[in-house]
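First the proteins, then the strands, lettered A, B, ... as listed; each starts at 1.
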2 protein chains.
Amino acid sequence: MFSIEAKSCEGTLQQAGFRITRPRKAILEVLSQTGGALKPEEIQDRAAPLCPGIGLVTVYRTLTLLADLGCIRRVHQDDHCHGYARADYAHGHHVVCRTCRQVVEFHGSEDIGAVIGQVSRQTGFRIDDHLLELMGICPDCQTQDSAVEDRNGG
Amino acid sequence: MFSIEAKSCEGTLQQAGFRITRPRKAILEVLSQTGGALKPEEIQDRAAPLCPGIGLVTVYRTLTLLADLGCIRRVHQDDHCHGYARADYAHGHHVVCRTCRQVVEFHGSEDIGAVIGQVSRQTGFRIDDHLLELMGICPDCQTQDSAVEDRNGG
DNA sequence: GTCGTTGCAAAAAATTTGCAGAAAC
DNA sequence: GTTTCTGCAAATTTTTTGCAACGAC
């Protein structure tokens with residue numbers, strides 16, 4: 001059973017004139033199921049069961065292609081800058097869990113528009129794109145961390 | 001004449017028990033004067049006049065140190081992910097000009113707090129940090145681009 | 001069958017480490 | 001004078017390129 005997200009990305013690939021291949025399917029499936037930010041090497045590892053012998057080079061090429069098509073998005077983190085995660089929405093932003101690296105996307109609310117308008121006025125920049133990444137602890141990891149919660153003032 | 005920002009960073013270095021050396025001064029001065037995001041190699045090039053023979057290795061080490069101290073900040077851009085720029089404010093966000101790469105910082109307004117609160121409720125994440133980067137065209141480059149402005153519907 | 005895609009090996013680029021000499025305090 | 005810092009060379013790690021074989025359409 002393959003994920004809906006992976007399927008929709010295949011459509012995007014096809015419409016853009018690219019072929020649906022086993023490595024591409026595998027990579028899409030990995031990112032789709034993970035919902036987390038992965039490095040190229042991690043993606044190779046996880047894609048290997050779905051596509052035996054998949055090469056790291058192919059992973060790089062595929063990630064570049066998929067990112068260009070907007071099927072996946074680059075995720076920046078202080079430690080491993082070149083992570084990739086699925087893009088559920090056209091221009092969603094994301095919250096990254098610093099414990100399990102799970103990525104959840106959310107729609108940019110009108111509040112972001114307010115920030116942009118304010119900064120635009122303040123600086124005179126004509127702002128046409130933005131990168132918003134929130135970092136924290138996801139619900140699952142919060143539960144597991146509850147023993148040390150008082151340390152954080154909980 | 002050296003910049004105020006560079007001077008204040010020197011204080012930070014000293015207070016943390018690190019020495020003020022010529023390479024460090026040069027790198028601080030470069031970032032301070034540039035106000036833009038630069039790659040380590042670019043920083044080396046620009047620091048060379050101020051510190052002849054400065055090595056790329058030193059640039060890397062110094063950037064890591066200064067970023068850890070919060071004197072400068074890592075800037076993420078799609079093309080060159082590992083850029084560095086000065087940090088004028090403690091936790092400022094920045095607007096990056098996609099033409100000249102100038103970086104202007106702005107204080108995170110309460111609107112960002114609103115976004116965080118909203119996302120926190122939506123996703124259940126406990127959000128404790130964020131990265132907000134706006135991209136666009138700075139006032140200077142807008143002027144130079146005015147000839148092609150109609151292309152963008154201006 | 002045709003042409004895009006893959007994987008290997010190798011190249012190139014980016015980043016880190018070891019160490020003796022130089023510099024800051 | 002002591003200890004930290006620097007720069008070189010070399011080692012790693014990350015990413016890209018060339019090319020023959022393979023696979024999707």
Side-chain angles (χ1 to χ4, degrees), chain A residues 2 6-7 9-30 37-45 47-69 71-72 74-84, chain B residues 2 6-7 9-30 37-45 47-69 71-72 74-84:
Chain A
F2 287 85
K7 280 291 173 206
C9 290
E10 288 181 21
T12 307
L13 268 177
Q14 233 159 3
Q15 278 165 36
F18 295 101
R19 292 179 179 173
I20 310 299
T21 65
R22 197 189 239 273
R24 284 174 184 170
K25 274 175 138 162
I27 291 170
L28 281 171
E29 189 56 23
V30 165
L38 300 173
K39 293 193 280 194
E41 214 178 322
E42 292 172 322
I43 292 171
Q44 180 189 29
D45 289 346
L50 303 170
C51 176
I54 186 171
L56 186 55
V57 178
T58 300
V59 174
Y60 272 101
R61 285 192 278 227
T62 304
L63 290 175
T64 303
L65 174 63
L66 293 174
D68 285 351
L69 289 174
C71 294
I72 62 176
R74 293 191 180 83
V75 175
H76 306 266
Q77 286 178 275
D78 259 7
D79 51 332
H80 72 293
C81 204
H82 290 168
Y84 289 83
Chain B
F2 287 83
K7 279 291 172 205
C9 291
E10 288 180 22
T12 308
L13 268 176
Q14 233 159 4
Q15 278 165 36
F18 295 101
R19 293 180 176 174
I20 310 299
T21 64
R22 198 189 238 270
R24 286 174 182 171
K25 275 175 138 163
I27 290 170
L28 281 172
E29 188 56 24
V30 165
L38 299 173
K39 294 191 283 194
E41 214 179 320
E42 292 172 321
I43 292 171
Q44 181 188 29
D45 289 345
L50 303 170
C51 176
I54 185 171
L56 187 54
V57 178
T58 300
V59 174
Y60 273 102
R61 286 192 276 226
T62 304
L63 290 175
T64 303
L65 175 64
L66 293 174
D68 285 351
L69 288 175
C71 294
I72 62 175
R74 294 192 180 81
V75 175
H76 306 267
Q77 286 179 273
D78 260 6
D79 51 331
H80 72 292
C81 205
H82 290 168
Y84 289 82

Rounded interatomic separation in angstrom, taking CG from Leu63(B) and C1' from dT6(D): 15 Å
OP1 or OP2 of dC25(D) under 4.0 Å from side-chain N/O of Gln14(A): yes
Option among Ile72(A), Leu63(A), Leu56(A), Thr62(A) that satisfies the side chain to side chain contact (heavy atoms under 4.5 Å, CB included) test with Ile43(A): Leu63(A)
Rounded distance in Å - NZ (Lys25(A)) to C1' (dT6(C)): 16 Å
Sugar-phosphate, base or nothing in reach of Gly17(A), heavy atoms under 4.0 Å: nothing
Under-3.5 Å donor-acceptor pair between Arg61(B) side chain and dG7(D) base: yes
Minimum-distance nucleotide to Pro23(A) side chain [options: dT6(C), dT16(D), dT15(C)]: dT6(C)
Candidate nucleotides dC5(D), dA14(C), dG7(D), ranked by approach to the side chain of Tyr60(B) - the nearest: dA14(C)
Test side chain to side chain contact (heavy atoms under 4.5 Å, CB included) applied to Phe18(B) and Thr12(B), Leu13(B), Leu66(B), the passing residue: Leu13(B)
Residue among Thr64(A), Asp45(A), Ile54(A), Val30(A) satisfying side chain to side chain contact (heavy atoms under 4.5 Å, CB included) with Val59(A): Ile54(A)
Distance, rounded to the nearest Å, where Arg22(B) contributes CZ and dT6(D) contributes P: 12 Å
Contact nearer the 5' end of DNA chain C, comparing Ile20(B) with Thr64(B): Thr64(B)
Of the listed nucleotides dT14(D), dT6(C), dC5(D), the one nearest the side chain of Glu41(A): dT14(D)
Arg24(A) (side chain) and dT5(C) (base): donor-acceptor pair under 3.5 Å: no
Whole-Å gap separating P (dA10(C)) and CG (Leu56(A)): 16 Å
Options dC5(D), dT16(D), dT16(C), nucleotide nearest the side-chain atoms of Phe18(B): dC5(D)
Phosphate OP1/OP2 of dC5(D) contacted by Thr58(B) side-chain N/O (<4.0 Å): no
OP1 or OP2 of dT6(D) under 4.0 Å from side-chain N/O of Thr21(B): yes
Sugar-phosphate only, base, or nothing, as touched by Gln44(A) at under 4.0 Å among non-hydrogen atoms: nothing
Whichever of Pro40(B) and Pro52(A) has its nearest DNA chain C nucleotide further upstream toward 5': Pro52(A)
Stepwise side-chain contact (heavy atoms from CB on, under 4.5 Å) check, Glu10(A) with Leu28(A): CA-CA 8 Å; Glu10(A) 288 181 21; Leu28(A) 281 171; 4.0 Å; yes
Gap between atoms CG and P, on Leu13(B) and dC5(D) respectively (whole Å): 9 Å
Separation of atom CD in Glu42(A) from atom P in dT14(D), rounded to whole Å: 10 Å
Donor-acceptor under 3.5 Å (Arg24(A) side chain, Arg19(A) main chain): yes
Pairwise 5' ranking along DNA chain D for Ile54(B) and Arg19(B), keeping only the more 5' one: Arg19(B)
